[in-house]
Amino acid sequence: MTRKQRRLALIFGALGTLGVALGLILFALSDNIVFFYGPTELAEKAPAPGARLRIGGLVKPGSVHKDSGQTVDFIVTDNKHDVAVTYTGLLPDLFREGQGVVAEGLLTGTATLKADSVLAKHDERYMPREVADALKKQGVWQENGQQAAEKAQQNSAPAPAPLIR
Amino acid sequence: MIVETGHYALVLALALALINAFVPLWGVYSRDQRLMAVAPSVALMQCGLVILSYCALTYAHVVSDFSVVNVVENSHSAKPLLYKISGVWGNHEGSMLLWVLVLAIFGGAVALFSRAMPADLRASVLAVQAWIGSAFLLFILLTSNPFARLARAPMEGNDLNPLLQDPGLAIHPPLLYFGYVGLSITFSFAAGALICGRIDALWARTARPWILVAWIALTLGIAMGSYWAYYTLGWGGFWFWDPVENASLMPWLAATALLHSAAVMEKRDALKIWTIFLAILSFSLALIGTFLVRSGVLTSVHAFASDPARGIFILLILVLFIGGSLALFAWRASLLKQGGLFAPVSREGALVLNNLLLTTACATVFVGTLYPLALEALTGEKISVGAPFFNATFIPLAIPLFLLIPFGQSLAWKRGDLLGTAQRLAFAIFCGLGVMLLAALWQGGPALSVFTAGLALYTIIGSFTDLALRLYGRGASLQEALDRLRGLPRSAFGTAFAHAGLGVTLLGLAATGWGSERIVHMQVGETINVGGYDLTLNALEPRQGPNYTEIVGRTSVRLGGVERAVIEPSQRFFPARRSSRAEAGIATIGLGQIYMSIAEQSPDGGVNVRMFWKPLVTLIWIGALIMGFGGLLSLSDRRLRLGLARRAAINRQALPQAAE
């Protein structure tokens, strides 16, 4: 083999691998991405039942019902629209009424979701970013932000003093 | 006073870093030996000052000085001492200080241990390291000062995020940072080589130990992080394809590729441009990782203490270094002469293929991690790319890589014999196929698990085949084999162990397909069978920890009536943060583990429980330890040090080539 042929072999090898990778990526992206909607977006876009989605919002206070087994029902809300979620399994440690949550699963009706995973953020001061954005869009963020601020104040017992930087 | 000293030391370190960023480079440009000689001593001074500063912050945490904002926000007087010390890096400011500390330590280490390097290369490497140091010191001092004070100090702090109160915090971040930031030194080496025009086998030989150090730390750091997430998040998973994990996987893939291409460059003086490019790429990915983790632009299960506003600054640093180094690369790479020739079927050829697969796999992870971000910026549509995407793209690229490993090791340099190699590997191939058959007949289960288990065994045996043939080949006696054993370089053993470690990890991953999981509601006294083991919840009892209260579910694990272990999964409540977390109960039986985590107690007195039987799961992390051990063996190879000094002495006689 001459130097030129070797270089060509290398280039075609590289292009081949990249091509395969690109094919894999495109194939996987067409199949495996999951859209994130807030409850209002879900009502507006109304995807067909059976679609795989992530729904994010606040857990509506008083909406959590655990039946005797492992199944939990709760409502995810942005205070304009609600989505009813059923989930079988253990809820994350930080799942609380009134707190942000993201549920992923299959849409079973116009506003009902059968979730197979539920995420709650581990840090209580923090909301999943998508949830915060969805809430901001609906104008309910302010109120919630204040709650968080109050909470933070209670935590650091004496009122926070001005910072010296 | 000590806190202010720490702050002042940090400012001084910045000043020294700025000196080192310019003076040695001027020395290289004007070929002034005295200006070049400034670099090592200044790097050592800078290292000392950053250590001082870091100690000051640690002191503030240990004595719970609540006049310091950082301590108030992340500490509590009742916190155990271990978490007071490791809590220093359990927050944004402190972790950036650790970043700079590791950066400075690597700079200092180059100043101390690389005396044999050509003076101009050493000066420019340290100068580039000082550039990185200045950028991050500036970042800390301008946007995230860990030494900021409060005018009125509160009596008590807010405590550390409960999830971080774990021995894992003491080990994982420092290791990971040694890996991440260790790549900065390979970056500095690459940039230094481009500046001096010294891109040759000697450079590869000098840079390789540093690549190896970073790689070992990164491997162990990722494995440790994965084990920590495994036992602390309570889902029984060890890898979620989460953006933060991907952020550490990408530099690892690039660094692994770099390690291999540097070997080609060292032995055969080929792949020079590519190696330099990989060195730049690895650190760039580490920087991108830091940006992703620190800025919180991607939602992650592991992220903590992220701040989007500061992200912009890191983004600027990122653009500056990646853009700058690539510009330097484009400008100087054309000076390179073509190196040694090799046939496609040869050790070099196999390493090229390895590099191709590793970088492509890295690219797919990159796309999957950043695609949601790009799509949101372009269309406003929010999506998430989860495990199915990565499984569909990463696994098809990883399989040929594993097939390649034993071949690459056994092929000769320059021109290899594919058929002969396949014959030598017949035993490994046979064993792999045998395991596949056995697994399929005995266990059944997912086809991927069966296939992967066979692949793993083939990799493990194949890794040692070359070594075994070299020792025992051509009917050697035991005595001869022992003599040969002494004669073989340690790096040959290092390679074999590192590759076998990868195979061991793969075996652990394959076995996940044969595990079982149960999620049930359990009352005290109830028994549940999972994977053949009977788990009996004997008691639910409250307990008091130093800064938390917990409900412990004492559970006995029985196999055929015989008690094998007692586990104590618990649910901990941390009053200072008013949050709780589960602590899994884990019993290691053989190489597998029984894993159990409990949720909060329900009103009826029972608990929701998640239980797993995970056969061979510990192999995943044992494999990583073996990889690290292999890396250390290579690192201890005499050739990496002795030959260096001799060749450097020869090289020094001829003065550095003109740096145009």
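Every chain is numbered from 1 and lettered A, B, ... according to where its sequence line falls, protein lines coming before strand lines.
Nearest heavy-atom pair across B:Pro396 and A:Leu24 is CB-CD1, 3.7 Å. Contact detail for B:Thr360 and A:Ala21: the closest heavy-atom pair is CG2-CB, 3.1 Å. Of all heavy-atom pairs spanning B:Thr393 and A:Ala28, the tightest one is CG2-CB, 3.8 Å.
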Next on the checklist: With side chain to side chain contact (heavy atoms under 4.5 Å, CB included) as the criterion, how do B:Ile383 and A:Phe36 come out once you've worked through the C-alpha distance, each side chain's angles and the decisive distance to 0.1 Å?
Outcome noted: CA-CA 5 Å; B:Ile383 60 158; A:Phe36 178 95; over 6 Å; no
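Of the two parts of A:Leu29, the backbone and the side chain both hold a non-hydrogen atom closer than 4.5 Å to a non-hydrogen atom of chain B. Interface remark: B:Phe390 contributes no atoms to any contact with chain A (heavy atom separation under 4.5 Å).
Your options are B:Val520, B:Thr364, B:Asp159, B:Leu375, and the one with the most heavy-atom pairs under 4.5 Å with chain A is B:Val520.
By the 4.5 Å heavy-atom criterion applied to side chains, B:Phe389 and A:Ile25 are counted as neighbours.
We find the OG1-CG distance between A:Thr17 and B:Leu353 to be 6.5 Å, quoted to the nearest 0.5 Å. For the atom pair CG (A:Leu18) and CG (B:Leu356), the distance works out to 6.5 Å, reported to the nearest 0.5 Å.
For CZ of B:Arg415, the number of neighbouring non-hydrogen atoms (other residues, nucleotides, ligands) closer than 6.0 Å is 12 at most.
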